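Note on naming: letters A, B, ... go to the chains in the order of the sequence lines (proteins, then strands), and numbering restarts at 1 for each one. The model shown is predicted, which means the values in this text are computed figures rather than measured ones.
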Amino acid sequence: MFMKFLIMNLLALTFFLSEKALAWTLNNNFTGSFKDNRVNVYVDSGTVCKNNYITPDELVELIEPALDNYWNKVPTSNLRLKAAGFSKHIDNINNGRLCSPTNETCINDGIGSPEGLIPAVNDIVIACNSNGVNFGGSNVLAVTIPNKYSGRKIVGALIIINEQSSVFGGLSRSDKIAVIAHEIGHAIGLGHSKENASLMYYRTVEQRKRLGQDDIDGVSFLYPMKGDLYGFSENGLIANCATISTDKTPPPGPPPFITMLIVLFLFVPCSFRYGRRIRKKDHGTF
Amino acid sequence: MLHLLISFFSAFLCLTINAQTLPLSTGAPSRAPASVSDKSADHFIFKAGTYTEFYNQVQIDTTGRMKEFDRAPTIGFGLEMPLKNHFYFLPEIDWVLPRKSAERVVKNIFFFRADLGINPMEWFRIRAGTSVVWLNQQGGGGEETLNNGNTTSTFYYPIENRSSFNNTLDLGAELLLKKISLRFQTYTFAALEPRSRQISYALFLSYYWER
């Protein structure tokens with residue numbers, strides 16, 4: 001009976017194992033992620049999005065659903081993004097060059113150009129930008145570059161929406177939210193996915209509602225949950241109460257190993273002790 | 001603090017299990033563990049099945065369809081320890097196997113679980129418990145050229161090993177058919193945090209091996 005059960009299951013597993021694997025990627029050839037798992041997402045207070053027929057206020061309203069319908073829904077990741085309203089206006093943000101801090105050619109070109117270079121930012125900042133060099137085509141909706149690092153940790157990332165065309169403005173609200181969420185994916189360190197079911201696929205799809213498996217695995221890798229307690233400590237009933245604390249450092253989560261060790265502790269010695277007594281009973285020692 | 005409460009609760013369960021089987025020094029007859037049938041007195045449980053991560057919250061195609069069932073193969077091993085009044089203590093370890101073709105990033109999920117079970121009927125068991133879920137991803141490194149806007153760019157695969165840990169609240173129902181059982185098991189992630197709360201589930205075929 002037991003052998004039949006084993007064979008049956010091995011056959012079933014062989015079938016199951018033929019499932020295709022998914023594979024998310026990183027922006028960089030190192031695992032770059034924000035040092036802090038609480039990251040604010042701002043809209044530049046002086047941004048102009050005339051060609052896309054969208055006001056800065058409307059842009060701010062897109063952020064919260066982009067966070068809560070996508071990246072903040074992953075319980076295996078401790079990343080918690082917060083829609084933080086407007087940031088102080090950044091020079092050149094509406095038409096300057098956006099460069100990676102390691103791309104010296106781009107930086108030199110930007111400094112030498114009449115539009116100038118967009119300076120590095122903290123956290124995540126969203127703005128509209130009309131410098132065509134940044135986008136490489138009018139059908140490119142937006143570009144994101146983490147442009148401030150501390151070692152291998154991201155300190156700030158800039159998301160610019162293409163003001164060279166009005167394609168972004170012509171999207172439905174849900175598509176705009178998905179585009180913002182996709183760009184935030186780049187800002188937190190993720191690259192593109194080959195899977196079109198994933199948010200990090202390189203283009204928009206017919207209907208985008210949630211993250212794909214790749215996105216979930218990627219954000220869980222970059223920002224692993226280090227032991228939440230049923231959502232209490234890391235995700236934050238405490239941290240949600242923004243009026244109490246402005247401290248960005250989350251309370252340290254309890255070590256999950258404690259529970260794991262307890263289960264293991266119970267699993268092994270309890271079973272042996274119990275089994276020994278059962279055997280004793282069987283031999284009439286009770 | 002809750003971890004401590006869990007540990008005390010677990011320790012209490014452990015003591016309860018042992019206390020029930022200890023002979024009384026007065027020589028009074030010890031109470032046999034309450035069980036609905038002789039076969040369930042002391043069993044190892046071997047099981048295999050499928051695991052579906054985050055039911056109805058993972059997009060699986062371009063039309064917005066969500067994942068309702070996944071064929072992620074899962075195997076496990078557990079124990080059945082009778083308590084009083086048709087209750088059972090059911091610790092177990094489960095492993096969601098990595099996909100065969102996952103060359104770039106290999107993903108393993110392990111569950112370290114403990115359930116309290118009750119058999120309202122001889123053929124039916126309800127389980128309630130908790131798990132520590134260990135999600136491990138091992139990156140194999142490398143790079144790939146993928147579409148990026150109107151051109152292509154190089155993107156990279158991680159070359160590290162990282163783990164994520166969660167506590168879940170679990171509920172399950174099990175049909176007991178002699179030595180085989182069919183089981184539906186749910187795992188609630190971030191149960192206290194509505195924004196990121198997710199429910200995963202598993203379907204198991206189990207074999208109860210009597211020692």
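Atom CG of residue A:Asp217 and atom OG of residue B:Ser164 lie 10.5 Å apart, to the nearest 0.5 angstrom. We find the OG-CE distance between B:Ser196 and A:Met225 to be 6.5 Å, quoted to the nearest 0.5 Å. Of the inter-residue distances, the one linking B:Asp61 atom CG with A:Glu195 atom CD reads 11.5 Å to the nearest 0.5 angstrom. Separating the CG atom in A:Asn196 from the CD atom in B:Gln59 is a distance of 9.0 Å, to the nearest 0.5 Å. Note: B:Met66 CE to A:Lys209 NZ = 5.5 Å, rounded to the nearest 0.5 Å.
In this structure, A:Ser220 and B:Gln137 have side chains that are in contact, with non-hydrogen atoms separated by less than 4.5 Å. Side chains of A:Pro75 and B:Phe54 form a contact here, defined as non-hydrogen atoms less than 4.5 Å apart. Within the 4.5 Å cutoff, side-chain heavy atoms of A:His192 are placed close to those of B:Asn148. With contacts defined as side-chain heavy-atom distances shorter than 4.5 Å, the pair B:Val58/A:Ile216 qualifies. A:Arg203 is not listed as a side-chain neighbour of B:Asn147, based on a closest heavy-atom distance of 4.5 Å or more. Between B:Phe165 and A:Thr76 the shortest side-chain heavy-atom distance does not fall below 4.5 Å. Counting heavy atoms from C-beta on, the side chains of A:Lys194 and B:Glu144 come closer than 4.5 Å. Annotation: side chain of A:Lys73 is not in contact with side chain of B:Arg195 (no heavy-atom distance under 4.5 Å).
Both the backbone and the side chain of B:Thr63 come within contact range of chain A, with heavy atoms under 4.5 Å apart. Heavy-atom distances place both the backbone and the side chain of B:Asn150 under 4.5 Å from chain A. The contact between B:Gln57 and chain A is made by backbone and side chain atoms together, counting heavy-atom distances below 4.5 Å. If you measure heavy-atom distances from B:Thr151 to chain A, you find no contacts under 4.5 Å at all. Only the side chain of B:Leu135 has a heavy atom closer than 4.5 Å to any heavy atom of chain A. Looking at A:Asp215, there are no atoms closer than 4.5 Å to chain B (heavy atoms on both sides), in backbone or side chain. Proximity to chain B (any heavy atom under 4.5 Å) is restricted, for A:Leu211, to the backbone atoms N, CA, C and O.
For the options B:Gly64, B:Gly149, B:Gly142, B:Pro158, heavy-atom pairs under 4.5 Å to chain A are most numerous at B:Pro158. Counting heavy-atom pairs closer than 4.5 Å to chain A, the top-ranked of the candidates B:Asn136, B:Leu146, B:Ile159, B:Thr188 is B:Leu146. Of the residues considered (B:Thr62, B:Thr154, B:Leu169), B:Thr62 shows the highest number of contacts with chain A, using heavy-atom pairs under 4.5 Å.
Shown are B:Tyr156, B:Phe155, B:Tyr157; of these, the side-chain contact (heavy atoms from CB on, under 4.5 Å) with A:Asn29 is made only by B:Tyr156.
Between the side chains of B:Glu160 and A:Thr31, at least one donor N or O sits under 3.5 Å from an acceptor N or O. Counted by atom type alone, A:Gln213 and B:Glu53 present one or more donor-acceptor pairs between their side chains at under 3.5 Å.
Evaluation of the ring pair (Phe, Tyr, Trp, His ring centres under 6.0 Å) rule for A:Phe221 yields A:Trp24 as partners, not counting sequence neighbours.
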